[in-house]
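Note sheet for the following structure.
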Amino acid sequence: IYRGKLWQICSGSVHKLETQPGYYTSLLNQKECSPTVEAEIGRDVTRSLPHHPFFKVGDGVNQLRNVLVAYSRRAHHIGYCQAMNIVAATLLLYMSEEEAFWLLSTICEEIIPEHYTKGLQLMGSVVEQQIFTELIQTYFPEVKKHLEEIGTPVEMLTLPWFMTF
């Protein structure tokens with residue numbers, strides 16, 4: 001119950017929600033959205049936590065689509081990037097649709113903007129994976145060696161993790 005509220009307070013997104021009433025709804029009411037972006041979002045919403053009951057039954061998928069479309073309309077310079085769907089889906093498990101929108105906006109624009117930059121999508125994750133791989137080599141060389149022996153790069157195992165923070 002408190003996790004979502006705590007995230008909103010610590011991030012500052014709660015203040016955006018309180019100071020801009022009606023903004024989220026106005027974004028949803030806009031008709032303009034790139035057909036490419038809408039198609040991408042449409043593909044990804046059904047892949048976001050597909051086994052979770054919230055996204056199987058009820059309005060979970062529609063709420064997720066709304067949050068992602070509204071954000072793409074808010075931030076034309078970013079649009080929609082990979083992993084936004086997983087982040088937004090997770091947020092929706094702990095808060096309302098509009099609260100999730102404001103926290104997603106805060107994450108993408110203020111907390112980790114390097115992860116969500118048009119044309120450089122996933123750049124933050126790529127850099128973090130390189131650092132993580134070096135740390136594995138330094139502190140757990142036996143793990144690194146084993147992964148090399150079985151032909152599995154560290155990055156293959158960690159990409160989903162770094163895509164969502």
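Computed from heavy atoms alone, side chains included, the values below leave out hydrogens, waters and symmetry copies.
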Practice problem: Work out which heavy atom in C108 is nearest to a heavy atom in M84; give both atom names and the distance. | Solution: SG-CE, 3.9 Å
Quiz item: Are side-chain heavy atoms of W7 and E99 found at a separation under 4.5 Å?
Solution: no
Quiz item: Do S11 and I111 touch side chain to side chain, with heavy atoms closer than 4.5 Å?
Solution: yes
Exercise. Kindly write out the residues that satisfy side-chain contact (heavy atoms from CB on, under 4.5 Å) with E142, not counting sequence neighbours, or none if the list is empty.
Key: F140
Practice problem: Would you please test Y71 and E109 for side chain to side chain donor-acceptor pair (under 3.5 Å) and show each step? | Solution: CA-CA 11 Å; Y71 186 73; E109 296 166 15; 3.0 Å; yes
Quiz prompt | Qualifying salt bridge (charged side-chain N to carboxylate O under 4.0 Å, His left out) pairs, either residue in residues 14-26, two or more places apart | solution = K16-E110
Quiz prompt | In one Ile/Leu/Val/Met/Phe/Trp/Tyr side-chain cluster, 4.5 Å: I9, W102 | solution = no
In a table with atom names and distances, give each donor-acceptor pair under 3.5 Å that connects a side chain of residues 50-70 to protein atoms at least two apart or in another chain.
| residue | atom | partner | partner atom | Å |
| --- | --- | --- | --- | --- |
| H52 | ND1 | F54 | N | 3.0 |
| D59 | OD1 | N62 | ND2 | 3.0 |
| N62 | OD1 | R65 | NH1 | 3.1 |
| N66 | ND2 | N62 | O | 3.4 |
| N66 | ND2 | E97 | OE2 | 3.0 |

Practice problem: Give the intermediate values and the outcome of side chain to side chain contact (heavy atoms under 4.5 Å, CB included) for residues L17 and F101. | Solution: CA-CA 9 Å; L17 172 70; F101 164 79; over 6 Å; no
Exercise. Check the hydrophobic clustering (I, L, V, M, F, W, Y; side-chain heavy atoms under 4.5 Å; chains of links allowed) and say if L93 and I107 are grouped together.
Key: yes
Quiz item: Does one hydrophobic cluster hold both L6 and L92, with members joined at side-chain heavy-atom distances below 4.5 Å?
Solution: no
Quiz item: Taking a hydrophobic cluster as the set of Ile, Leu, Val, Met, Phe, Trp and Tyr residues connected by side-chain heavy atoms closer than 4.5 Å, whether directly or through intermediates, do Y139 and F132 fall within one such cluster?
Solution: yes
Practice problem: Kindly work out whether a path of hydrophobic side-chain contacts (I/L/V/M/F/W/Y, heavy atoms less than 4.5 Å apart) joins V14 to Y94. | Solution: no
Self-check item: Residues forming a side-chain contact (heavy atoms from CB on, under 4.5 Å) with S72, sequence neighbours excluded
Solution: C33, V37, I41
Practice problem: Can you measure from OG (S96) to OH (Y24) and round to the nearest 0.5 angstrom? | Solution: 8.5 Å
Exercise. Return the set of residues passing side-chain contact (heavy atoms from CB on, under 4.5 Å) with T133 (not counting sequence neighbours), or none when no residue passes.
Key: K144, V154, E155
Practice problem: Could you pull out all residues at least two apart from E134 that satisfy side-chain contact (heavy atoms from CB on, under 4.5 Å)? | Solution: none
Quiz item: To the nearest 0.5 Å, what is the distance between CG (N85) and OG1 (T90)?
Solution: 9.0 Å
